[in-house]
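The block underneath contains the structure these notes are about, expressed in structure tokens.
Values below: all heavy atoms of this structure, side chains included; hydrogens, waters and symmetry mates excluded. A note on names: the letters A, B, ... follow the listed sequences, proteins ahead of strands, and every chain is numbered from 1.
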Amino acid sequence: MTVPSPLPVPRLRFAPSPTGFFHVGSARSALFNWLFTRQRGGTFILRIEDTDEARNRPEWTDGIIAALEWLGMPPDEGPYFQSAQGAAHQAAIEALWNSGALYACGCTREEIEARTKARAAAGDPTPGYDGYCRDLGLPRGEGRALRFRTPDEGSTTVVDLVRGEVEFPHRATEDFICVKGNGMPLFVLANAVDDRTMAISHVFRGEELLPTTPKQIMLWDALNVATATDLALPVYAHLPLLVNEQGKKLSKRRDPVAVEMYREQGYLPSAFRNYLALLGWSPGEDEIVPLEELIERFRIEDVQRSPAFFDIQKLTHMNGVYIRALSTSAFVAESRPWVDPVAGEWAPGGWHDPDADSATTPGPPWPTERFNDEVFGLMAPVVQERVATLSEVPALVDFLFLEDPPIDQKGWDKAIGRDEVAPKLLQGAFDLYADCEWQRDELHRVTSDLGESFGRKLGKAQAPIRVAVTGRQVGPPLFESLEVLGRDETRRRLAAALTRLRTTT
RNA sequence: GGUCCCAUCGUCUAGAGGCCUAGGACACCACCCUCUCAAGGUGGCGACACGGGUUCAAAUCCCGUUGGGACUGCCA
């Protein structure tokens with residue numbers, strides 16, 4: 001009996017550069033790489049491309065690792081650092097140089113531009129480097145970049161899992177620089193060399209890298225020749241760009257792209273991941289798909305070729321669905337960083353206050369010693385079905401933990417200030433609440449009767465009470481809220497509202 | 001300018017020649033439910049960019065046009 005030879009284990013890398021917050025586009029790339037490896041029993045590798053000393057910062061690397069962790073897709077291998085691969089890079093450069101694939105170039109940017117201009121004036125619009133130093137036989141030296149000698153004829157074809165075969169004519173490919181004047185490799189080279197040394201089998205990355213792929217293929221082939229090896233090219237898949245409402249590539253400067261920010265706003269990693277998976281790919285009939293199914297159904301070949309708009313509204317809707325699907329105890333646990341941050345653990349920078357102009361203020365709005373776990377747990381079920389993001393939670397329960405919740409002036413004016421029945425309603429509630437049974441249904445009944453005695457439906461009758469007790473016009477169901485708040489505190493606030501009414505009008 | 005990519009409702013997508021008077025989801029609108037707000041239910045609005053082919057038959061294949069985008073750095 002023969003044992004079937006095992007399929008090679010796919011090795012995929014996610015290779016961000018640590019030059020800023022973790023970008024949602026990067027997260028999507030990481031996800032597709034990760035899904036593929038989970039499905040095929042492959043290896044998901046994190047490689048930090050940190051060869052640009054000027055822009056790299058170690059904290060950005062920490063951010064990448066934390067974000068992957070948060071999204072539930074930590075690397076199987078790594079992080080590896082491209083900066084630690086210097087020896088391999090230098091060996092590759094040496095081999096390439098010795099094989100004649102490279103030549104030294106001393107042209108400055110200005111010189112190249114001047115020649116391009118002159119050429120254009122003479123009627124030749126070909127842009128880019130003109131191969132001035134190509135056959136000068138210049139020796140290598142400080143300040144001289146190394147260029148790759150591209151063929152004059154023919155073309156290089158990129159075989160891409162999502163785009164099919166894409167052909168790039170050589171005559172439009174300039175002799176590109178792959179080693180800087182200081183001897184350090186450029187992305188195009190370092191990236192390919194690392195993929196070789198790490199035995200990467202599949203390269204799934206953003207579409208913006210498609211134009212550099214033919215160069216990397218030429219380099220790959222030249223490296224095979226120069227080192228007398230026969231490494232197989234990785235399988236490429238270029239994922240559609242993530243764009244903003246103007247259809248432009250998501251930019252770190254103008255668009256909300258930081259994954260960290262979504263975490264702060266209280267998006268669940270499960271929801272975020274699910275939404276990300278829908279950008280450029282579709283699982284079929286249902287969009288809300290548990291992770292195991294995502295892994296099972298994902299097919300790189302089915303990825304869309306056109307760009308996708310990152311729609312926060314849809315993300316938010318999906319997050320609400322995920323939040324509502326949580327058990328109450330899980331919801332309480334997930335809410336903790338927003339309502340009762342634990343020292344030393346991750347905490348968001350703020351919470352969402354619907355009545356304030358600025359979106360967030362730092363920390364929960366109440367002193368931590370006033371937070372009560374049990375009380376929060378009692379309110380949690382009705383809060384859970386009313387939020388789409390966790391940062392909205394504090395505003396729905398702050399009246400429980402604030403000694404005197406601030407009263408929203410607009411709400412006060414509308415529900416109490418401009419309503420002559422309001423004082424009677426507040427007084428009536430204050431009286432009736434003194435000795436009725438303190439239970440939601442009973443409070444409902446009593447308040448409903450009170451309203452009717454003034455010819456009011458409950459919807460209108462509850463408004464002044466809500467504002468007086470919680471400070472807001474909207475919030476969780478009132479009678480649940482009162483039940484949890486307690487009789488004495490409720491009546492104290494009703495009395496305070498009555499006093500305020502007398503002193504301000 | 002050059003090279004390359006892309007093109008189904010406002011958005012994300014289903015659709016791999018007949019199943020399409022184009023399906024779903026988000027958003028929007030209306031109604032229902034309702035103690036506010038949500039959630040939920042019901043219904044509505046809404047797309048194959050255009051022009052040529054190929055075919056008995058095209059959203060699906062081919063060509064062109066138009067439109068959008070990416071890249072074009074001694075950044076990654």
Which nucleotides of nucleotides 71-76 of chain B have their base under 4.0 Å from a protein heavy atom (B), which only their sugar-phosphate (S), and which neither (-), written as one string 5' to 3'? S-SBBB

Under 4.0 Å: is that the gap between some side-chain N or O of A:Arg445 and OP1 or OP2 of B:C35? no

Distance, C1' atom - from B:C31 to B:C48, rounded to whole angstrom: 31 Å

Please classify the nucleic acid contact of A:His444 as base, sugar-phosphate, or nothing, using heavy-atom distances under 4.0 Å. base

Partners meeting side-chain hydrogen bond (donor to acceptor under 3.5 Å, both in side chains) with A:Arg299 (sequence neighbours left out): A:Asp302

Let me know which of A:Arg205, A:Arg163, A:Glu208 forms a side-chain hydrogen bond (donor to acceptor under 3.5 Å, both in side chains) with A:His238. A:Arg205

Are A:Arg115 and A:Glu110 ion-paired here, with the side-chain N under 4.0 Å from a carboxylate O? no

Does A:Tyr275 have any ring pair (Phe, Tyr, Trp, His ring centres under 6.0 Å) partners at least two apart in sequence or in another chain, and if so, which? A:Phe310

C1' atom, B:G17 versus B:C29: distance in rounded Å? 37 Å

Show me the protein contacts with nucleotides 62-66 of chain B, counting only N or O atoms at under 3.5 Å.
none

From B:A70, B:U3, B:A38, pick the nucleotide closest to the side chain of A:Lys248? B:A70

Within less than 4.0 Å of OP1 or OP2 of B:C5, is there a side-chain N or O belonging to A:Arg305? no

In 5'-to-3' order, the base (B), backbone-only (S) or no-contact (-) status of each nucleotide in nucleotides 8-15 of chain B, using a 4.0 angstrom heavy-atom cut-off, is ---SBSS-

Span that lies between the P atom of B:A59 and that of B:A22, in whole angstrom: 11 Å

What residues from residues 473-483 of chain A pass a heavy-atom cutoff of under 4.0 Å to RNA chain B? A:Gln473, A:Val474, A:Gly475, A:Pro476, A:Pro477, A:Leu478, A:Phe479, A:Glu480

